[in-house]
Amino acid sequence: MPRAVKIKASAHYVPQRIVTNAELSNYMDTSDEWIQKHTGIKTRHYAINENTSDLCAKVAKKLLAESGTKASEIDLIIVATISPDSITPATASLVQQKIDAVKAFSFDVSVACAGFIFALSTAEKFLRQGNYNKAIVIAGEVNSKMMDFSDRTSAVFFGDGAGGVLLTASDNPDDEMFIAEKLETSPAPNVIHSGRIAPLKEISSDSYPKMDAFYQDGRAVYEFVTSIVPEHITNLLEQNGYTTAELELVVTHQANLRLIENIALGINVPLNKFETNVEFYGNTSSAGIAIGLDRALKRGERPHVALISGFGAGLSYGSILLDLSRL
């Protein structure tokens with residue numbers, strides 16, 4: 001019989017450096033008024049002299065402390081990121097080293113802003129099948145290092161941060177927190193991309209790897225989020241016998257406040273049921289959902305039916321229904 005899986009602890013971390021809209025207007029043709037009107041973002045945090053593994057390791061240490069777990073008890077570490085320290089080794093292995101999780105195995109998941117959803121789903125499967133008992137799942141991004149600060153259509157949106165959960169498995173069915181999930185990809189690789197590496201054109205001593213900055217087609221993203229995502233969420237609920245009226249908490253990818261408002265309208269759920277952090281942290285890519293979930297749990301919210309939903313480059317999107325009353 002498959003084991004039950006539950007969230008034992010949650011945590012998040014954002015760098016100390018706060019960057020205002022007014023500061024960004026010094027580097028590009030924009031303004032605080034324009035950014036707030038179009039995105040709802042007021043500030044974001046940038047990592048100065050901190051890399052993605054540093055942010056994630058701080059989250060991991062918080063998770064261990066809050067759950068009373070020793071690093072040596074962790075079996076699995078998954079990091080969701082599109083801004084890794086390096087292409088290889090995996091950022092997760094660096095986090096494993098920083099927390100001295102000597103018995104764990106670790107790897108990264110790259111699904112952009114849906115990364116936390118896909119990573120959480122993956123870890124849940126490992127724990128449920130019986131060979132592993134405890135897992136850390138973290139979504140972490142240092143988006144600032146990937147930005148083209150001459151591109152105001154992208155750079156004003158993004159911030160840095162990390163969030164995650166510690167999962168445990170047990171044989172007690174009352175511990176079960178995962179209700180249902182739906183993961184999807186509709187391939188459209190040119191809508192959002194980051195870190196493209198050009199192929200070798202010739203063998204030469206002058207050849208050196210080159211990597212592109214972050215890019216997104218804002219109009220295509222808007223159309224995707226306002227059409228496909230609400231349908232995706234509605235389908236997940238209907239396929240599992242739920243209605244939108246039963247949702248007590250919704251934490252979506254923190255793309256920007258206007259898109260979250262459109263999702264709320266699209267699924268007919270009041271905006272006050274949505275957890276948002278984009279106003280002060282900006283779009284933290286894969287980390288936004290994990291940060292939002294932690295903020296809600298730290299406020300003491302324990303909903304019977306909570307939805308977490310991510311969407312981004314790929315185009316990949318996914319949602320998980322959770323029973324957080326079992327915390």
Side-chain angles (χ1 to χ4, degrees), residues 12 14 18-25 28-46 82-83 112-117 139 141-144 146-149 151-161 163 188 191-194 213-230 232-233 250-267 269-293 295-296 307-317 319:
H12 79 275
V14 292
I18 298 173
V19 178
T20 65
N21 294 336
E23 180 176 350
L24 288 183
S25 70
M28 62 193 81
D29 183 15
T30 190
S31 67
D32 176 64
E33 179 183 10
W34 188 93
I35 295 172
Q36 288 205 47
K37 178 181 178 181
H38 290 85
T39 72
I41 298 169
K42 299 176 182 178
T43 59
R44 75 283 294 144
H45 292 241
Y46 281 178
I82 55 167
S83 54
C113 304
F116 181 67
I117 302 296
E141 305 288 4
V142 178
N143 290 308
S144 57
M146 300 302 298
M147 290 297 112
D148 173 3
F149 285 98
D151 177 12
R152 66 173 184 172
T153 64
S154 295
V156 300
F157 288 88
F158 291 89
D160 304 338
V191 174
I192 307 169
H193 56 82
S194 181
F214 181 90
Y215 167 83
Q216 68 176 354
D217 180 339
R219 173 52 58 180
V221 171
Y222 176 84
E223 292 174 355
F224 158 60
V225 173
T226 56
S227 59
I228 293 178
V229 172
H232 157 80
I233 292 172
V250 181
V251 188
T252 69
H253 164 47
Q254 302 292 297
N256 71 65
L257 192 57
R258 306 298 164 240
L259 285 178
I260 295 172
E261 290 168 347
N262 274 283
I263 292 172
L265 287 172
I267 63 173
V269 173
L271 191 60
N272 61 14
K273 290 189 177 182
F274 282 69
E275 167 66 28
T276 63
N277 55 74
V278 68
E279 304 98 312
F280 307 107
Y281 295 160
N283 180 339
T284 50
S285 302
S286 67
I289 298 170
I291 292 171
L293 180 60
R295 281 164 53 94
L307 171 76
I308 56 175
S309 182
F311 43 87
L315 298 164
S316 292
Y317 43 107
S319 299

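Values reported hereafter were calculated over all heavy atoms of this structure, with side chains retained and with hydrogens, waters and symmetry mates removed.
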- Interatomic spacing from CD1 in I263 to CZ in F311 - rounded to 0.5 Å: 3.5 Å
- Stepwise side chain to side chain donor-acceptor pair (under 3.5 Å) test for S83 and E141: CA-CA 6 Å; S83 54; E141 305 288 4; 2.6 Å; yes
- What is the distance from atom CD of E33 to atom CG of N21, rounded to the nearest 0.5 Å? 11.0 Å
- Do the side chains of D148 and F214 get nearer than 4.5 Å, heavy atoms only? no
- With distance as the sole test, does E275 use its side chain to make a donor-acceptor pair with the main-chain N or O of V251 at under 3.5 Å? no
- Query: Do the non-hydrogen side-chain atoms of V221 and I192 ever get within less than 4.5 Å of each other?
  - Reply: yes
- Note on the structure: In this structure, CD1 of I228 is separated from OH of Y317 (nearest 0.5 Å) by 5.0 Å
- Task: Please name the pair of heavy atoms, one in C113 and one in S285, separated by the smallest distance, quoted to 0.1 Å.
- Result: SG-CA, 3.7 Å
- Got I117 and I308 here, is their nearest side-chain heavy-atom distance under 4.5 Å? yes
- Sole candidate of T39, N262, V278 that passes side-chain contact (heavy atoms from CB on, under 4.5 Å) when paired with L257: V278
- Query: Do you know the tightest heavy-atom contact between Q36 and R258?
  - Reply: O-NH2, 2.9 Å
- Determine the sole option in F158, F280, Y281 for which the ring pair (Phe, Tyr, Trp, His ring centres under 6.0 Å) test with H45 is passed. Y281
- Message: Tell me the closest heavy-atom pair linking G163 and A287, and the distance in Å.
- Response: N-CB, 4.3 Å
- Task: Verify the distance criterion only: is there a donor paired with an acceptor across the side chains of D160 and S144 at less than 3.5 Å?
- Result: yes
- Donor-acceptor contact below 3.5 Å, side chain R152 vs main chain L24: no
- Message: I'd like to check the salt bridge (Lys or Arg N to Asp or Glu O under 4.0 Å) partners of E279; sequence neighbours left out, ordered by chain and number.
- Response: none
- Message: Please enumerate all residues that pass side-chain contact (heavy atoms from CB on, under 4.5 Å) together with T30, with sequence neighbours excluded.
- Response: S25, M28, W34, I35, V156
- Heavy-atom pair with the smallest gap, counting every atom of A155 and Y46: O-OH, 4.0 Å
- Task: Work out which heavy atom in A220 is nearest to a heavy atom in V191; give both atom names and the distance.
- Result: CB-CG1, 3.8 Å
- Say you draw a straight line from OG of S309 to CD1 of I260; how long is it, rounded to the nearest 0.5 Å? 10.5 Å
- Item | Non-hydrogen side-chain atoms of Q254 and I291 separated by less than 4.5 Å | no
